[in-house]
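Below: one structure, written as structure tokens.
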Amino acid sequence: LISIICGIVNPSAGTVRVSGHDIIRDFRAARSLIGLVPQELTVESFESVIATVKFSRGLFGKPRDDAHIEKVLRDLSLWEKRDNRVMELSGGMKRRVMIAKALAHEPKILFLDEPTAGVDVELRRDMWEMVRRLRESGVTIILTTHYIEEAEEMADRIGVINHGELVLVEDKTRLMK
């Protein structure tokens, strides 16, 4: 699904809809409902943190909302670094910027691709707390991870992918038994 959303692969069969919007025919509306945090860090190194996050919001046609941007940056402990260039940040802080970019336009679905790979314990704890708050606010979280502990902690349902094919989707408690 992530590959299709990002336009990397053409679908071979079926359709995908996000809140009724076909991801091919009505891609702008569908994508405006989705936030994506890829595993690889892809940030604008020479821009400030706040400019990068504001730009991401604008890409989705959302009106300026300084209060929302401030909240996202504060929730991710980036507010004090808002004027720093991204290149001046640690790897963990850059990961936080990626998450802030994905949340800037207030998505209804958030894809997190291996979000804790290579991050410190403090960031991992903060990230899971943020994910809990997003879930409580109604955001659907789709997490890819190799760490069963993360899936146990955060998921309602767990899907297993083998060689690119979804082979199982099960309620977490039932699967763990």
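All residue numbers refer to positions in the sequence shown, counting from 1. Just the heavy atoms: all of them, side chains too, but no hydrogens, waters or symmetry mates, feed the values below.
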Original post:
Which pairs, with at least one residue in residues 136-150 and sequence neighbours excluded, count as a salt bridge (charged side-chain N to carboxylate O under 4.0 Å, His left out)?
Top reply: R124-E150
Original post:
What is the minimum heavy-atom distance between D156 and D171, and which atoms define it?
Top reply: O-OD1, 3.6 Å
**OP:** Compare every heavy atom of S48 with every heavy atom of D83, then report the nearest pair and how far apart it is.
**Re:** O-CB, 3.9 Å
Subject >> Heavy atoms of other groups near R133 CZ, more than 12 under 6.0 Å >> reply: yes
Original post:
After noting the C-alpha distance and the side-chain angles of E106 and R57, does the key distance pass the side chain to side chain contact (heavy atoms under 4.5 Å, CB included) rule?
Top reply: CA-CA 8 Å; E106 304 169 74; R57 181 174 175 84; 2.9 Å; yes
Original post:
In chain order, what residues pass the salt bridge (Lys or Arg N to Asp or Glu O under 4.0 Å) check against E152, with sequence neighbours excluded?
Top reply: none
**OP:** Can you sort out the partners of E47 under salt bridge (Lys or Arg N to Asp or Glu O under 4.0 Å), two or more places apart, ordered by chain and number?
**Re:** none
[X] side chain near [Y] side chain, heavy-atom distance below 4.5 Å:
X: S19; Y: L33; value: yes
X: F111; Y: V37; value: no
X: V86; Y: K94; value: yes
X: M130; Y: L76; value: yes

Subject >> E129 and R132: CA distance, side-chain angles, deciding distance, side chain to side chain contact (heavy atoms under 4.5 Å, CB included) verdict >> reply: CA-CA 5 Å; E129 183 55 38; R132 281 187 196 90; 3.7 Å; yes
**OP:** Only counting residues at least two apart or in another chain, list the ones meeting ring-ring contact (aromatic ring centres under 6.0 Å, His included) with F60.
**Re:** H105
Any chance you could measure [X], atom [atom1], to [Y], atom [atom2], to the nearest 0.5 Å?
X: L175; Y: L168; atom1: CG; atom2: CG; value: 5.5 Å
X: D113; Y: I142; atom1: CG; atom2: CD1; value: 11.5 Å
X: R174; Y: K177; atom1: CZ; atom2: NZ; value: 9.5 Å
X: I34; Y: I23; atom1: CD1; atom2: CD1; value: 7.0 Å

**OP:** Would you list the pairs meeting side chain to side chain donor-acceptor pair (under 3.5 Å) in which at least one residue belongs to residues 20-29, sequence neighbours left out?
**Re:** H21-D26, D22-R25
Original post:
For M87, what are the other residues in its hydrophobic cluster, where any two members join if their side-chain heavy atoms are less than 4.5 angstrom apart?
Top reply: F46
Subject >> Connected hydrophobic set around I161, excluding itself, where side chains approach under 4.5 Å >> reply: L166, V169
In a table with atom names and distances, give each donor-acceptor pair under 3.5 Å that connects a side chain of residues 65-72 to protein atoms at least two apart or in another chain.
| unit_1 | atom_1 | unit_2 | atom_2 | d |
| --- | --- | --- | --- | --- |
| D65 | OD1 | A67 | N | 3.3 |
| D65 | OD1 | H68 | N | 3.0 |
| D66 | OD1 | R64 | NE | 3.0 |
| D66 | OD2 | R64 | NE | 3.1 |
| D66 | OD2 | R64 | NH2 | 3.0 |
| H68 | NE2 | L103 | O | 3.1 |
| H68 | NE2 | A104 | O | 3.4 |
| E70 | OE2 | R74 | NE | 2.7 |
| E70 | OE2 | R74 | NH2 | 3.0 |
| K71 | NZ | D75 | OD2 | 2.7 |

Can you name the side-chain contact (heavy atoms from CB on, under 4.5 Å) partners of [X], sequence neighbours left out?
X: S77; answer: R96, D126
X: R125; answer: E122
X: V139; answer: L110, L134, S137, I141
X: L59; answer: F55

Original post:
For E114, does its backbone N or O pair with a side-chain atom of T144 as donor and acceptor, under 3.5 Å?
Top reply: yes
Subject >> T140 backbone acceptor or donor facing R135 side chain under 3.5 Å >> reply: no
**OP:** Identify whether I24 and F27 are in the same connected component of the hydrophobic contact network (ILVMFWY, side-chain heavy atoms under 4.5 Å).
**Re:** no
Subject >> Check against salt bridge (Lys or Arg N to Asp or Glu O under 4.0 Å), K81 and E88 >> reply: CA-CA 9 Å; K81 302 281 187 184; E88 300 167 349; over 6 Å; no
